[in-house]
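Side chains included, hydrogens not; waters and symmetry mates left out as well; all remaining heavy atoms used. The first residue of the sequence shown is numbered 1, and numbering continues consecutively from there. These numbers were taken from a predicted model, which means no experiment stands behind them.
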Amino acid sequence: MNVSAERTVSLWAAVEVAPDAAPLTRDEQVDVAVIGSGIAGLSVAYELALAGQKVAVIDRGPIGSGMTARTTAHLTSICDDYFSKLIELRGHDLARLFYESQSTAIDRIEAIQQTERVACDFRRVDGFLFPSSATQEADLERELDAALQIGVAVERTTGLPFAGFSASPALRYAGQATFHPLKYLRALAVAVRARGGALFADTVVEKVEETESGVRVATTSGFVVTGKWAIVATNSPINDRVALHTKQAPYRTYAMSFEIARGVVPDALYWDTEDPYHYVRLQPGDGETDSLIVGGEDHKTGAVDDAGERFARLGAWVRSLVPDLGAETHRWSGQVMETIDYTGFIGLNPGNNRVFVVTGDSGEGMTHGVVASLVIRDLVLNGDSPWREAYNPSRKTARAFRDYLVENATAIKNFAEYVAPGEIDAVEKLQPGEGAIVREGLTKIAAYRDEDGTLYKRSASCTHVGCHVHWNSLERCWDCPCHGSHFAFDGTALNGPAVSPLSDLK
């Protein structure tokens, strides 16, 4: 069994971004080393390669196989956590810069797919925010007022193409978009290579450091990439143990796709005002059938293991809106990094002069990734960006102090789990396909029994800063609630910030 990826498969996953990309097999010297090959990593690589920089992209797995492959691929300039809250935390000027930058990111994707002749199903659509009940209609007025204050293209409208919502109020945001994320990444990979860039798959970066003359990127295979600049674009950063991880938190999110006859639901983006909220979009299919994608039901990573119930709620919710929905075709989950002030961290890593970081997508990873490519391109080439302060990783977040305390309480509570009993009292009780935490003396064990009966016993201590991992039965992986690391059932590190595998206890 392949243990290099999570278990579920998204609607996009059949598209391979760069299947011929091989591991790094020798030392390389470049201008820019990019760690991570999702929308952020490949977009940064594209912009810098376009500017004449020699670029190398390095990923611990196949190119484009990370969290970008698990998105629902909304391209929206609307703050996922509401503009009213963003204005409250960061003020009107920075909220306006957020909207401007996210809108520009959509424009840039549109321009690239035209220039590079990318067949990625890109199209401009409207976005609709609607209340699930009459008691939430006040939320629309609040958001309409906030959006108008910072110049957002928005209007109040009535009626949605859903059962029971023909007279519902809604906000219509013009100029949004959507696409097929992996078809787009595949084209970026081709364009980067065409401009002299290199892609290295299945190569684990264990250290990123500055030197007197530039940067040094060391891999677990012993090979080194040196350059002038490094960009860490690994969902949750692998290069820093404290500075950014205390200002963001990982959330598991869920998605499903269904067959739907073309024309049943107009092509648009739809979000409700529930908490956690739900969202809907279409993906063109072949013939007369499209795919309808629904997502939501987010929760703090590792907090619960109830994916079946969350999928059931998602399915029931969308079928109540679209009774003519066809069969389910895919279900999958992913992870988003929520920052305490609703804006990503993009720019120089705190304390560094040549190492950049991209993290904190706050539910808008597609546009944040492209914003990162524009901000970092400008910082590398010109030393400044009009959006530098909006996304500055070293920014102060004092106004979000309460959220800081809430999110970091997870780590404090987590370490107390080491003195708690195990979930089961003996590994012999594990059934095939099951994972659980077991106490053996003073040791907490992350134990998994494979379908063929093989038992895997690993330390329950995350190799990032030692938090206690939790079993994820949907993906059959170990999730770290503190900072978002994922490990395969055999302990292999799948997602940052952890680099090393869980310790083997055989």
Kindly write out the residues that satisfy side-chain hydrogen bond (donor to acceptor under 3.5 Å, both in side chains) with T71, not counting sequence neighbours, or none if the list is empty.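 Expected list: none.
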Check: F489 ring centre within less than 6.0 Å of Y448 ring centre: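 Centroid separation for F489 and Y448: below 6.0 Å.
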Partner set under salt bridge (charged side-chain N to carboxylate O under 4.0 Å, His left out) for E440, not counting sequence neighbours: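 E440 satisfies salt bridge (charged side-chain N to carboxylate O under 4.0 Å, His left out) with K457 only.
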Go through the structure and list residues passing salt bridge (charged side-chain N to carboxylate O under 4.0 Å, His left out) with K183, not counting sequence neighbours.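 Partners of K183 by the salt bridge (charged side-chain N to carboxylate O under 4.0 Å, His left out) criterion, ordered by chain and then number, come out as D121.
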Can you find a side-chain donor-acceptor pair between D80 and S362 that sits under 3.5 Å?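 Per modelled atom types, D80 and S362 side chains form no pair under 3.5 Å.
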Could you note down all residue pairs passing salt bridge (charged side-chain N to carboxylate O under 4.0 Å, His left out) where residues 54-66 supplies at least one of them, sequence neighbours left out?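 Residue pairs with at least one partner in residues 54-66: there are none.
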Pairs flagged by salt bridge (charged side-chain N to carboxylate O under 4.0 Å, His left out) wherever residues 426-436 is involved - sequence neighbours left out: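 Checked against salt bridge (charged side-chain N to carboxylate O under 4.0 Å, His left out) - neighbours excluded - the pairs reaching residues 426-436 are D425-K429.
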Is it the case that more than 12 heavy atoms not belonging to Q29 sit under 6.0 Å from its CD atom?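 Not buried by this count: 12 neighbours or fewer within 6.0 Å.
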Going by heavy atoms in the side chains, are D31 and V55 under 4.5 Å from each other?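 No - every pair of side-chain heavy atoms lies 4.5 Å or more apart.
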Sub-4.5 Å side-chain heavy-atom contact between F345 and Y391: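 Heavy-atom side-chain distance check fails, nothing below 4.5 Å.
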Test disulfide bond (SG atoms under 2.5 Å apart) on C482 and C467 and set out the steps. CA-CA 7 Å; C482 294; C467 287; 2.2 Å; yes
Taking ring pair (Phe, Tyr, Trp, His ring centres under 6.0 Å) as the cut-off, I'd like each qualifying pair that reaches into residues 290-309, sequence neighbours left out, listed once.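 Checked against ring pair (Phe, Tyr, Trp, His ring centres under 6.0 Å) - neighbours excluded - the pairs reaching residues 290-309 are Y254-H299.
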